[in-house]
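What follows is a short report on a single structure.
Quick note: numbers below take in every heavy atom, side chains included, and nothing from hydrogens, waters or symmetry partners.
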Amino acid sequence: MLLALAAILSLGGRTICNLLRVLGVVAPGHPSTYHRVFSRDRWSLARLGRSYVAAVLARFAPTGQILLAGDDTVTEHPGPHVYGKGCHRDPVRSTHSYTAFRWGHKWVVLALLIPVPWATRRWALPLLVALYRPEEENQKQGRRHKTPSQLLGQMIRILMRWFPERNFMVVADGGYATHEFAELAARSKRRLTLVSLFYPNANLVGPTPEYSGKGRPRRKGERLPSPKKVVEGATERQRLKVSWYGGGQRKVETVTGTAHWYKKARPLVELRWVFVHDLTGTHRDSYFFTTDPTMTVQSLIETYTGRWNIELGSVTSQVNSLIASANSTLGGISSTLSGATGNATGVLFAALGQVDGLIGSAEFIEGEIVGEVNGLAGMIAPTLGSVTGELNTALGDISLTLGSVTTELNTLIGTVTAAAGGSSAALNTAISAVSSTLGTVTTQLNGLTGEVNTILVGLPTELAGVTGSLGTVMGDVNTTLGSLTGTVSSLEVSLTSELNTLLGAVTGILGGISL
(Lines give C-alpha, C1' and ligand atoms only; values in the text may rest on other atoms or scores of the structure.)
Protein backbone atom coordinates (compact mmCIF):
# COMPACT_ATOMS: atom_id res chain seq x y z
CA MET A 1 0.00 0.00 0.00
CA LEU A 2 2.86 2.39 0.78
CA LEU A 3 4.48 1.82 -2.60
CA ALA A 4 1.14 2.23 -4.39
CA LEU A 5 0.54 5.52 -2.56
CA ALA A 6 4.03 6.76 -3.44
CA ALA A 7 3.53 5.77 -7.10
CA ILE A 8 0.46 8.03 -7.22
CA LEU A 9 2.23 10.96 -5.54
CA SER A 10 5.55 10.69 -7.38
CA LEU A 11 6.19 12.98 -10.35
CA GLY A 12 9.44 11.39 -11.50
CA GLY A 13 10.40 7.81 -12.34
CA ARG A 14 8.51 5.11 -10.44
CA THR A 15 11.62 3.32 -9.20
CA ILE A 16 11.72 1.79 -5.73
CA CYS A 17 14.35 4.25 -4.51
CA ASN A 18 12.39 7.24 -5.82
CA LEU A 19 9.18 5.96 -4.24
CA LEU A 20 10.96 5.61 -0.90
CA ARG A 21 12.26 9.18 -1.21
CA VAL A 22 8.70 10.37 -1.68
CA LEU A 23 7.53 8.47 1.40
CA GLY A 24 10.41 9.61 3.60
CA VAL A 25 9.99 8.63 7.24
CA VAL A 26 6.59 7.09 6.49
CA ALA A 27 8.33 3.99 5.05
CA PRO A 28 9.87 2.01 7.94
CA GLY A 29 12.65 -0.54 7.60
CA HIS A 30 15.60 -0.93 5.27
CA PRO A 31 15.16 -0.07 1.53
CA SER A 32 16.19 -3.62 0.55
CA THR A 33 13.00 -4.88 2.18
CA TYR A 34 10.92 -3.10 -0.45
CA HIS A 35 13.14 -4.30 -3.28
CA ARG A 36 12.52 -7.91 -2.18
CA VAL A 37 8.78 -7.38 -2.69
CA PHE A 38 9.44 -7.43 -6.43
CA SER A 39 12.58 -9.57 -6.63
CA ARG A 40 11.43 -12.55 -4.49
CA ASP A 41 7.73 -12.42 -3.66
CA ARG A 42 5.08 -13.73 -6.06
CA TRP A 43 1.45 -12.82 -6.46
CA SER A 44 -1.34 -13.04 -9.02
CA LEU A 45 -1.73 -9.86 -11.07
CA ALA A 46 -5.28 -10.89 -11.95
CA ARG A 47 -6.29 -11.16 -8.27
CA LEU A 48 -4.51 -7.91 -7.44
CA GLY A 49 -6.23 -6.14 -10.35
CA ARG A 50 -9.64 -7.49 -9.38
CA SER A 51 -9.23 -6.31 -5.78
CA TYR A 52 -8.13 -2.87 -6.96
CA VAL A 53 -11.01 -2.47 -9.45
CA ALA A 54 -13.55 -3.68 -6.87
CA ALA A 55 -12.31 -1.12 -4.35
CA VAL A 56 -12.45 1.70 -6.91
CA LEU A 57 -15.96 0.84 -8.12
CA ALA A 58 -17.24 0.45 -4.54
CA ARG A 59 -15.93 3.91 -3.71
CA PHE A 60 -16.70 5.92 -6.87
CA ALA A 61 -19.40 3.98 -8.80
CA PRO A 62 -21.30 1.76 -6.36
CA THR A 63 -24.55 1.79 -8.39
CA GLY A 64 -25.80 2.57 -11.87
CA GLN A 65 -24.07 2.35 -15.20
CA ILE A 66 -20.25 2.39 -15.20
CA LEU A 67 -18.83 4.95 -17.64
CA LEU A 68 -15.45 3.87 -19.01
CA ALA A 69 -12.95 5.53 -21.36
CA GLY A 70 -10.42 3.68 -23.49
CA ASP A 71 -7.29 5.13 -25.02
CA ASP A 72 -3.60 4.40 -25.57
CA THR A 73 -0.47 6.27 -24.55
CA VAL A 74 3.17 5.96 -25.61
CA THR A 75 6.09 6.02 -23.15
CA GLU A 76 9.60 6.47 -24.49
CA HIS A 77 12.10 3.63 -23.79
CA PRO A 78 14.62 3.52 -26.67
CA GLY A 79 17.14 1.19 -25.01
CA PRO A 80 18.50 -1.76 -27.01
CA HIS A 81 17.26 -4.41 -24.55
CA VAL A 82 13.83 -3.04 -23.60
CA TYR A 83 11.18 -5.76 -23.66
CA GLY A 84 8.13 -5.18 -25.83
CA LYS A 85 9.30 -1.88 -27.32
CA GLY A 86 8.40 -0.69 -30.80
CA CYS A 87 8.18 2.40 -32.98
CA HIS A 88 4.77 3.95 -32.28
CA ARG A 89 2.97 7.11 -33.29
CA ASP A 90 2.96 9.65 -30.48
CA PRO A 91 -0.50 11.30 -30.40
CA VAL A 92 0.67 14.05 -28.03
CA ARG A 93 3.44 15.35 -30.29
CA SER A 94 1.70 14.65 -33.61
CA THR A 95 -0.50 17.09 -35.50
CA HIS A 96 -2.78 16.84 -38.55
CA SER A 97 0.14 17.72 -40.82
CA TYR A 98 3.01 16.04 -38.92
CA THR A 99 3.33 12.56 -37.41
CA ALA A 100 5.83 12.01 -34.61
CA PHE A 101 7.13 8.53 -33.78
CA ARG A 102 8.79 7.34 -30.57
CA TRP A 103 10.60 4.15 -29.61
CA GLY A 104 9.14 2.64 -26.48
CA HIS A 105 5.99 1.07 -25.06
CA LYS A 106 2.41 1.58 -26.14
CA TRP A 107 -0.08 1.02 -23.32
CA VAL A 108 -3.81 0.52 -23.83
CA VAL A 109 -5.60 2.05 -20.84
CA LEU A 110 -9.14 1.43 -19.59
CA ALA A 111 -10.18 4.18 -17.16
CA LEU A 112 -13.22 5.01 -15.05
CA LEU A 113 -14.75 8.46 -15.62
CA ILE A 114 -15.87 9.87 -12.26
CA PRO A 115 -17.32 13.26 -11.28
CA VAL A 116 -15.49 15.30 -8.64
CA PRO A 117 -17.18 18.12 -6.69
CA TRP A 118 -14.60 20.85 -7.43
CA ALA A 119 -14.26 20.24 -11.22
CA THR A 120 -16.56 21.02 -14.14
CA ARG A 121 -15.70 17.78 -15.94
CA ARG A 122 -15.16 14.15 -15.06
CA TRP A 123 -11.78 12.74 -14.12
CA ALA A 124 -10.28 9.58 -15.60
CA LEU A 125 -9.07 7.00 -13.05
CA PRO A 126 -7.17 4.08 -14.70
CA LEU A 127 -8.50 0.60 -13.91
CA LEU A 128 -6.63 -1.79 -16.23
CA VAL A 129 -3.72 -1.46 -18.67
CA ALA A 130 -2.36 -3.78 -21.35
CA LEU A 131 0.92 -3.63 -23.26
CA TYR A 132 0.56 -3.51 -27.03
CA ARG A 133 3.34 -5.45 -28.74
CA PRO A 134 4.30 -4.79 -32.38
CA GLU A 135 3.20 -7.36 -34.92
CA GLU A 136 6.83 -8.09 -35.90
CA GLU A 137 7.73 -9.00 -32.32
CA ASN A 138 4.66 -11.22 -31.96
CA GLN A 139 5.66 -13.07 -35.10
CA LYS A 140 9.16 -13.65 -33.73
CA GLN A 141 7.77 -14.92 -30.44
CA GLY A 142 5.14 -17.10 -32.14
CA ARG A 143 2.37 -15.22 -30.37
CA ARG A 144 -1.02 -14.22 -31.78
CA HIS A 145 -1.04 -10.54 -32.60
CA LYS A 146 -3.63 -8.34 -30.88
CA THR A 147 -4.52 -4.85 -32.03
CA PRO A 148 -5.21 -2.08 -29.49
CA SER A 149 -8.91 -2.47 -30.17
CA GLN A 150 -8.72 -6.20 -29.39
CA LEU A 151 -6.77 -5.53 -26.18
CA LEU A 152 -9.36 -3.01 -25.03
CA GLY A 153 -12.16 -5.47 -25.81
CA GLN A 154 -10.35 -8.15 -23.82
CA MET A 155 -10.12 -5.89 -20.76
CA ILE A 156 -13.82 -5.04 -21.03
CA ARG A 157 -14.74 -8.73 -21.17
CA ILE A 158 -12.67 -9.26 -18.01
CA LEU A 159 -14.64 -6.54 -16.20
CA MET A 160 -17.93 -7.99 -17.40
CA ARG A 161 -16.90 -11.41 -16.06
CA TRP A 162 -15.71 -10.00 -12.72
CA PHE A 163 -18.88 -7.94 -12.19
CA PRO A 164 -21.76 -9.79 -13.87
CA GLU A 165 -24.43 -7.63 -12.17
CA ARG A 166 -23.14 -4.31 -13.61
CA ASN A 167 -23.55 -2.73 -17.04
CA PHE A 168 -20.95 -0.61 -18.79
CA MET A 169 -20.65 2.19 -21.33
CA VAL A 170 -17.28 2.50 -23.12
CA VAL A 171 -16.14 5.67 -24.90
CA ALA A 172 -13.13 5.40 -27.24
CA ASP A 173 -11.63 7.39 -30.08
CA GLY A 174 -11.57 6.52 -33.78
CA GLY A 175 -8.72 4.05 -33.36
CA TYR A 176 -11.13 1.71 -31.55
CA ALA A 177 -14.12 2.25 -33.84
CA THR A 178 -13.83 -1.20 -35.40
CA HIS A 179 -16.62 -3.46 -36.53
CA GLU A 180 -15.25 -6.23 -34.29
CA PHE A 181 -15.43 -4.04 -31.20
CA ALA A 182 -18.94 -2.92 -32.12
CA GLU A 183 -19.95 -6.60 -32.45
CA LEU A 184 -18.86 -7.18 -28.85
CA ALA A 185 -21.23 -4.44 -27.69
CA ALA A 186 -24.02 -5.68 -29.97
CA ARG A 187 -23.80 -9.20 -28.51
CA SER A 188 -24.22 -7.78 -24.99
CA LYS A 189 -26.78 -5.05 -25.58
CA ARG A 190 -28.10 -5.09 -22.03
CA ARG A 191 -24.69 -4.83 -20.42
CA LEU A 192 -22.38 -2.98 -22.80
CA THR A 193 -22.71 0.16 -24.96
CA LEU A 194 -20.01 1.56 -27.23
CA VAL A 195 -19.66 5.25 -28.17
CA SER A 196 -16.99 6.28 -30.66
CA LEU A 197 -16.20 8.16 -33.86
CA PHE A 198 -17.77 6.93 -37.06
CA TYR A 199 -16.88 6.79 -40.74
CA PRO A 200 -18.58 9.18 -43.23
CA ASN A 201 -18.57 6.45 -45.92
CA ALA A 202 -19.61 3.55 -43.69
CA ASN A 203 -21.42 0.66 -45.35
CA LEU A 204 -24.97 0.88 -43.94
CA VAL A 205 -27.88 -1.45 -44.66
CA GLY A 206 -31.38 -2.03 -43.42
CA PRO A 207 -32.41 -4.79 -40.99
CA THR A 208 -32.36 -8.39 -42.14
CA PRO A 209 -35.75 -9.24 -43.70
CA GLU A 210 -37.78 -12.19 -42.48
CA TYR A 211 -37.07 -15.50 -44.15
CA SER A 212 -39.49 -16.19 -46.97
CA GLY A 213 -38.97 -19.94 -46.77
CA LYS A 214 -37.30 -20.16 -50.16
CA GLY A 215 -33.57 -20.31 -50.88
CA ARG A 216 -30.81 -19.16 -48.60
CA PRO A 217 -31.80 -16.65 -45.91
CA ARG A 218 -30.63 -13.11 -46.50
CA ARG A 219 -27.99 -11.75 -44.13
CA LYS A 220 -28.64 -8.05 -44.68
CA GLY A 221 -31.38 -5.69 -45.78
CA GLU A 222 -31.45 -3.12 -48.52
CA ARG A 223 -28.46 -0.86 -48.96
CA LEU A 224 -28.81 2.57 -47.34
CA PRO A 225 -26.98 5.83 -48.17
CA SER A 226 -23.81 6.51 -46.23
CA PRO A 227 -23.86 9.15 -43.47
CA LYS A 228 -22.01 11.59 -45.71
CA LYS A 229 -24.66 11.34 -48.43
CA VAL A 230 -27.45 11.72 -45.89
CA VAL A 231 -25.83 14.92 -44.54
CA GLU A 232 -25.35 16.33 -48.06
CA GLY A 233 -29.00 15.77 -48.88
CA ALA A 234 -30.41 16.97 -45.54
CA THR A 235 -32.61 20.06 -45.85
CA GLU A 236 -32.96 20.65 -42.10
CA ARG A 237 -30.50 20.32 -39.24
CA GLN A 238 -31.27 20.16 -35.55
CA ARG A 239 -29.60 22.83 -33.41
CA LEU A 240 -28.48 21.96 -29.89
CA LYS A 241 -26.45 23.44 -27.05
CA VAL A 242 -24.29 20.64 -25.68
CA SER A 243 -21.44 20.11 -23.24
CA TRP A 244 -18.12 20.25 -25.08
CA TYR A 245 -14.49 19.31 -24.64
CA GLY A 246 -12.98 20.73 -21.44
CA GLY A 247 -16.29 21.26 -19.65
CA GLY A 248 -17.63 24.18 -21.71
CA GLN A 249 -20.81 24.63 -23.74
CA ARG A 250 -21.06 24.74 -27.52
CA LYS A 251 -23.83 25.35 -30.06
CA VAL A 252 -23.90 22.72 -32.81
CA GLU A 253 -25.95 21.54 -35.78
CA THR A 254 -26.68 17.82 -36.02
CA VAL A 255 -28.00 15.24 -38.46
CA THR A 256 -28.72 11.73 -37.23
CA GLY A 257 -29.99 8.39 -38.40
CA THR A 258 -30.25 4.70 -37.44
CA ALA A 259 -29.04 1.77 -39.51
CA HIS A 260 -27.12 -1.49 -39.43
CA TRP A 261 -23.38 -1.50 -39.98
CA TYR A 262 -22.38 -4.21 -42.44
CA LYS A 263 -19.02 -5.86 -43.01
CA LYS A 264 -18.48 -8.85 -45.24
CA ALA A 265 -18.79 -12.20 -43.46
CA ARG A 266 -19.54 -10.45 -40.14
CA PRO A 267 -22.82 -10.02 -38.21
CA LEU A 268 -24.83 -6.81 -38.56
CA VAL A 269 -24.44 -4.15 -35.85
CA GLU A 270 -27.40 -1.93 -35.12
CA LEU A 271 -26.41 1.63 -34.31
CA ARG A 272 -27.24 5.33 -34.25
CA TRP A 273 -24.92 7.76 -35.99
CA VAL A 274 -24.75 11.54 -35.58
CA PHE A 275 -23.15 14.24 -37.68
CA VAL A 276 -21.97 17.28 -35.63
CA HIS A 277 -21.15 20.71 -37.06
CA ASP A 278 -19.64 23.28 -34.69
CA LEU A 279 -21.36 26.62 -35.28
CA THR A 280 -18.39 28.58 -33.86
CA GLY A 281 -16.16 27.07 -36.55
CA THR A 282 -13.26 26.15 -34.25
CA HIS A 283 -13.80 22.38 -34.37
CA ARG A 284 -13.91 20.25 -37.49
CA ASP A 285 -17.05 18.37 -38.50
CA SER A 286 -17.31 14.96 -36.84
CA TYR A 287 -19.34 11.77 -37.05
CA PHE A 288 -20.18 9.80 -33.87
CA PHE A 289 -22.00 6.52 -33.33
CA THR A 290 -23.36 4.36 -30.53
CA THR A 291 -24.52 0.76 -30.40
CA ASP A 292 -27.58 1.91 -28.44
CA PRO A 293 -30.09 3.21 -31.05
CA THR A 294 -32.33 4.62 -28.29
CA MET A 295 -29.68 7.08 -27.04
CA THR A 296 -30.53 10.73 -27.68
CA VAL A 297 -28.36 12.90 -29.90
CA GLN A 298 -27.41 15.27 -27.08
CA SER A 299 -26.50 12.42 -24.75
CA LEU A 300 -24.38 10.80 -27.46
CA ILE A 301 -22.40 13.99 -28.14
CA GLU A 302 -21.86 14.83 -24.48
CA THR A 303 -20.79 11.27 -23.69
CA TYR A 304 -18.10 11.31 -26.36
CA THR A 305 -16.77 14.81 -25.61
CA GLY A 306 -16.48 13.76 -21.95
CA ARG A 307 -13.73 11.28 -22.87
CA TRP A 308 -11.36 14.24 -23.35
CA ASN A 309 -10.28 13.71 -19.74
CA ILE A 310 -8.40 10.48 -20.44
CA GLU A 311 -6.51 12.26 -23.23
CA LEU A 312 -5.63 15.01 -20.77
CA GLY A 313 -4.43 12.38 -18.31
CA SER A 314 -2.16 10.86 -20.97
CA VAL A 315 -0.73 14.26 -21.82
CA THR A 316 -0.14 15.04 -18.13
CA SER A 317 1.73 11.77 -17.53
CA GLN A 318 3.94 12.38 -20.57
CA VAL A 319 4.59 15.97 -19.50
CA ASN A 320 5.65 14.73 -16.04
CA SER A 321 8.00 12.25 -17.73
CA LEU A 322 9.43 15.04 -19.89
CA ILE A 323 9.89 17.25 -16.82
CA ALA A 324 11.84 14.51 -15.05
CA SER A 325 14.01 14.03 -18.15
CA ALA A 326 14.46 17.78 -18.47
CA ASN A 327 15.60 18.09 -14.86
CA SER A 328 18.32 15.52 -15.51
CA THR A 329 19.33 17.27 -18.73
CA LEU A 330 19.43 20.66 -17.03
CA GLY A 331 21.70 19.25 -14.35
CA GLY A 332 24.22 18.19 -17.00
CA ILE A 333 23.87 21.50 -18.80
CA SER A 334 24.45 23.42 -15.56
CA SER A 335 27.63 21.43 -14.94
CA THR A 336 28.81 22.06 -18.51
CA LEU A 337 28.07 25.78 -18.25
CA SER A 338 29.96 25.95 -14.95
CA GLY A 339 32.96 24.36 -16.67
CA ALA A 340 32.66 26.77 -19.57
CA THR A 341 32.46 29.72 -17.17
CA GLY A 342 35.58 28.49 -15.40
CA ASN A 343 37.40 28.20 -18.70
CA ALA A 344 36.27 31.70 -19.66
CA THR A 345 37.52 33.11 -16.37
CA GLY A 346 40.89 31.41 -16.85
CA VAL A 347 41.23 32.79 -20.37
CA LEU A 348 40.33 36.29 -19.25
CA PHE A 349 42.74 36.27 -16.31
CA ALA A 350 45.49 35.02 -18.61
CA ALA A 351 44.70 37.90 -20.95
CA LEU A 352 44.80 40.28 -17.99
CA GLY A 353 48.25 38.96 -17.12
CA GLN A 354 49.42 39.56 -20.67
CA VAL A 355 48.09 43.13 -20.58
CA ASP A 356 49.76 43.81 -17.25
CA GLY A 357 53.06 42.44 -18.61
CA LEU A 358 52.69 44.60 -21.71
CA ILE A 359 52.09 47.70 -19.60
CA GLY A 360 55.14 46.93 -17.44
CA SER A 361 57.33 46.49 -20.50
CA ALA A 362 56.06 49.76 -21.91
CA GLU A 363 56.84 51.61 -18.68
CA PHE A 364 60.37 50.13 -18.59
CA ILE A 365 61.05 51.10 -22.20
CA GLU A 366 59.56 54.51 -21.50
CA GLY A 367 62.11 54.99 -18.71
CA GLU A 368 64.99 54.04 -20.99
CA ILE A 369 63.79 56.46 -23.66
CA VAL A 370 63.47 59.25 -21.09
CA GLY A 371 67.02 58.56 -19.87
CA GLU A 372 68.51 58.62 -23.34
CA VAL A 373 66.64 61.76 -24.33
CA ASN A 374 67.56 63.54 -21.11
CA GLY A 375 71.26 62.67 -21.58
CA LEU A 376 71.22 63.93 -25.11
CA ALA A 377 69.37 67.05 -24.02
CA GLY A 378 72.07 67.74 -21.43
CA MET A 379 74.71 67.68 -24.15
CA ILE A 380 72.84 70.08 -26.39
CA ALA A 381 70.75 71.85 -23.77
CA PRO A 382 71.06 75.34 -25.28
CA THR A 383 69.69 74.16 -28.60
CA LEU A 384 67.34 71.35 -27.66
CA GLY A 385 65.60 72.89 -24.65
CA SER A 386 62.37 73.37 -26.48
CA VAL A 387 62.73 69.95 -28.18
CA THR A 388 63.19 68.23 -24.81
CA GLY A 389 60.00 69.87 -23.54
CA GLU A 390 58.07 68.66 -26.54
CA LEU A 391 59.47 65.14 -26.20
CA ASN A 392 58.67 65.08 -22.49
CA THR A 393 55.14 66.23 -23.29
CA ALA A 394 54.79 63.44 -25.88
CA LEU A 395 56.15 60.85 -23.45
CA GLY A 396 53.77 62.16 -20.80
CA ASP A 397 50.95 61.63 -23.26
CA ILE A 398 52.21 58.06 -23.74
CA SER A 399 52.15 57.47 -19.97
CA LEU A 400 48.66 58.91 -19.63
CA THR A 401 47.49 56.83 -22.59
CA LEU A 402 48.93 53.61 -21.14
CA GLY A 403 47.34 54.38 -17.76
CA SER A 404 43.98 54.98 -19.41
CA VAL A 405 44.42 51.75 -21.38
CA THR A 406 45.14 49.87 -18.15
CA THR A 407 41.96 51.21 -16.51
CA GLU A 408 39.76 50.53 -19.52
CA LEU A 409 41.11 47.02 -20.09
CA ASN A 410 40.67 46.09 -16.41
CA THR A 411 37.06 47.38 -16.56
CA LEU A 412 36.40 45.39 -19.74
CA ILE A 413 38.01 42.27 -18.26
CA GLY A 414 35.57 42.51 -15.32
CA THR A 415 32.67 43.02 -17.71
CA VAL A 416 33.61 39.95 -19.79
CA THR A 417 34.17 37.88 -16.65
CA ALA A 418 30.65 38.74 -15.45
CA ALA A 419 29.22 38.12 -18.91
CA ALA A 420 30.77 34.63 -19.06
CA GLY A 421 28.08 33.39 -16.68
CA GLY A 422 25.28 35.10 -18.56
CA SER A 423 23.78 34.81 -22.01
CA SER A 424 25.52 34.70 -25.39
CA ALA A 425 24.27 38.25 -26.12
CA ALA A 426 26.22 39.62 -23.13
CA LEU A 427 29.39 37.83 -24.34
CA ASN A 428 28.97 39.32 -27.82
CA THR A 429 28.64 42.82 -26.30
CA ALA A 430 31.76 42.35 -24.14
CA ILE A 431 33.81 41.02 -27.09
CA SER A 432 32.78 44.00 -29.22
CA ALA A 433 33.81 46.42 -26.42
CA VAL A 434 37.26 44.75 -26.06
CA SER A 435 37.86 44.86 -29.82
CA SER A 436 36.79 48.54 -29.98
CA THR A 437 39.07 49.56 -27.08
CA LEU A 438 42.10 47.72 -28.49
CA GLY A 439 41.52 49.37 -31.84
CA THR A 440 41.43 52.78 -30.11
CA VAL A 441 44.71 51.99 -28.34
CA THR A 442 46.41 51.11 -31.62
CA THR A 443 45.18 54.34 -33.20
CA GLN A 444 46.41 56.45 -30.29
CA LEU A 445 49.86 54.82 -30.30
CA ASN A 446 50.15 55.34 -34.07
CA GLY A 447 49.23 58.99 -33.54
CA LEU A 448 51.89 59.44 -30.85
CA THR A 449 54.46 57.81 -33.12
CA GLY A 450 53.60 60.35 -35.77
CA GLU A 451 53.98 63.24 -33.29
CA VAL A 452 57.43 62.06 -32.18
CA ASN A 453 58.52 61.65 -35.79
CA THR A 454 57.31 65.15 -36.59
CA ILE A 455 59.22 66.60 -33.64
CA LEU A 456 62.44 64.81 -34.52
CA VAL A 457 62.25 65.65 -38.24
CA GLY A 458 61.65 69.35 -37.49
CA LEU A 459 64.84 69.86 -35.48
CA PRO A 460 66.90 72.91 -36.53
CA THR A 461 69.64 72.39 -39.06
CA GLU A 462 72.27 73.50 -36.56
CA LEU A 463 71.75 70.16 -34.77
CA ALA A 464 73.30 68.32 -37.70
CA GLY A 465 76.19 67.31 -35.53
CA VAL A 466 73.97 65.28 -33.30
CA THR A 467 71.81 63.89 -36.08
CA GLY A 468 73.35 60.48 -35.66
CA SER A 469 72.53 60.37 -31.96
CA LEU A 470 69.02 61.65 -32.56
CA GLY A 471 68.61 59.12 -35.37
CA THR A 472 69.54 56.36 -32.98
CA VAL A 473 67.06 57.67 -30.41
CA MET A 474 64.39 58.06 -33.08
CA GLY A 475 65.03 54.49 -34.25
CA ASP A 476 64.73 53.21 -30.70
CA VAL A 477 61.51 55.15 -30.21
CA ASN A 478 60.07 53.91 -33.51
CA THR A 479 61.13 50.33 -32.76
CA THR A 480 59.66 50.49 -29.27
CA LEU A 481 56.39 52.02 -30.42
CA GLY A 482 56.18 49.56 -33.29
CA SER A 483 56.73 46.72 -30.86
CA LEU A 484 54.02 48.09 -28.61
CA THR A 485 51.63 48.49 -31.54
CA GLY A 486 52.33 44.96 -32.80
CA THR A 487 51.95 43.46 -29.32
CA VAL A 488 48.65 45.25 -28.75
CA SER A 489 47.37 44.11 -32.17
CA SER A 490 48.47 40.54 -31.48
CA LEU A 491 46.77 40.66 -28.09
CA GLU A 492 43.62 42.01 -29.73
CA VAL A 493 43.54 39.13 -32.23
CA SER A 494 44.27 36.56 -29.49
CA LEU A 495 41.57 37.89 -27.18
CA THR A 496 39.01 38.09 -29.99
CA SER A 497 39.78 34.53 -31.15
CA GLU A 498 39.61 33.04 -27.64
CA LEU A 499 36.41 34.89 -26.72
CA ASN A 500 34.75 33.93 -30.03
CA THR A 501 35.66 30.28 -29.39
CA LEU A 502 34.20 30.53 -25.89
CA LEU A 503 31.08 32.25 -27.24
CA GLY A 504 30.61 29.45 -29.79
CA ALA A 505 30.91 26.80 -27.09
CA VAL A 506 28.40 28.52 -24.77
CA THR A 507 26.02 29.23 -27.66
CA GLY A 508 26.17 25.55 -28.68
CA ILE A 509 25.37 24.50 -25.12
CA LEU A 510 22.45 26.92 -24.86
CA GLY A 511 21.17 25.90 -28.29
CA GLY A 512 21.24 22.23 -27.26
CA ILE A 513 18.74 22.81 -24.48
CA SER A 514 15.34 21.33 -25.67
CA LEU A 515 12.55 20.70 -23.23
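The nearest pair of heavy atoms linking Arg102 to Val74 is NH1-O, 3.6 Å. Contact detail for His283 and Trp244: the closest heavy-atom pair is CG-CZ2, 3.8 Å.
Side-chain contact of Gln298 with Glu302: a donor-acceptor pair under 3.5 Å is present, judged by distance alone. Neither side chain, Asp173 nor Tyr304, offers a donor N or O lying under 3.5 Å from an acceptor on the other. No hydrogens or angles considered: a donor-acceptor pair under 3.5 Å links the side chains of Asn138 and Arg143. Side-chain contact check for Asp292 and Thr290: no donor-acceptor pair (N or O, by modelled atom type) lies under 3.5 Å. Of the N and O atoms on the side chains of Arg239 and Thr254, not one donor lies less than 3.5 Å from an acceptor on the other residue. Counted by atom type alone, Asn18 and Ser10 present one or more donor-acceptor pairs between their side chains at under 3.5 Å. Counted by atom type alone, Tyr211 and Arg216 present zero donor-acceptor pairs between their side chains at under 3.5 Å. Defined by atom type and a distance below 3.5 Å, a donor-acceptor pair is present between the side-chain atoms of Ser149 and Thr178. In this structure, a donor-acceptor pair under 3.5 Å is absent between the side chains of Thr208 and Arg219.
Counting heavy atoms from C-beta on, the side chains of Leu240 and Gln238 come closer than 4.5 Å.
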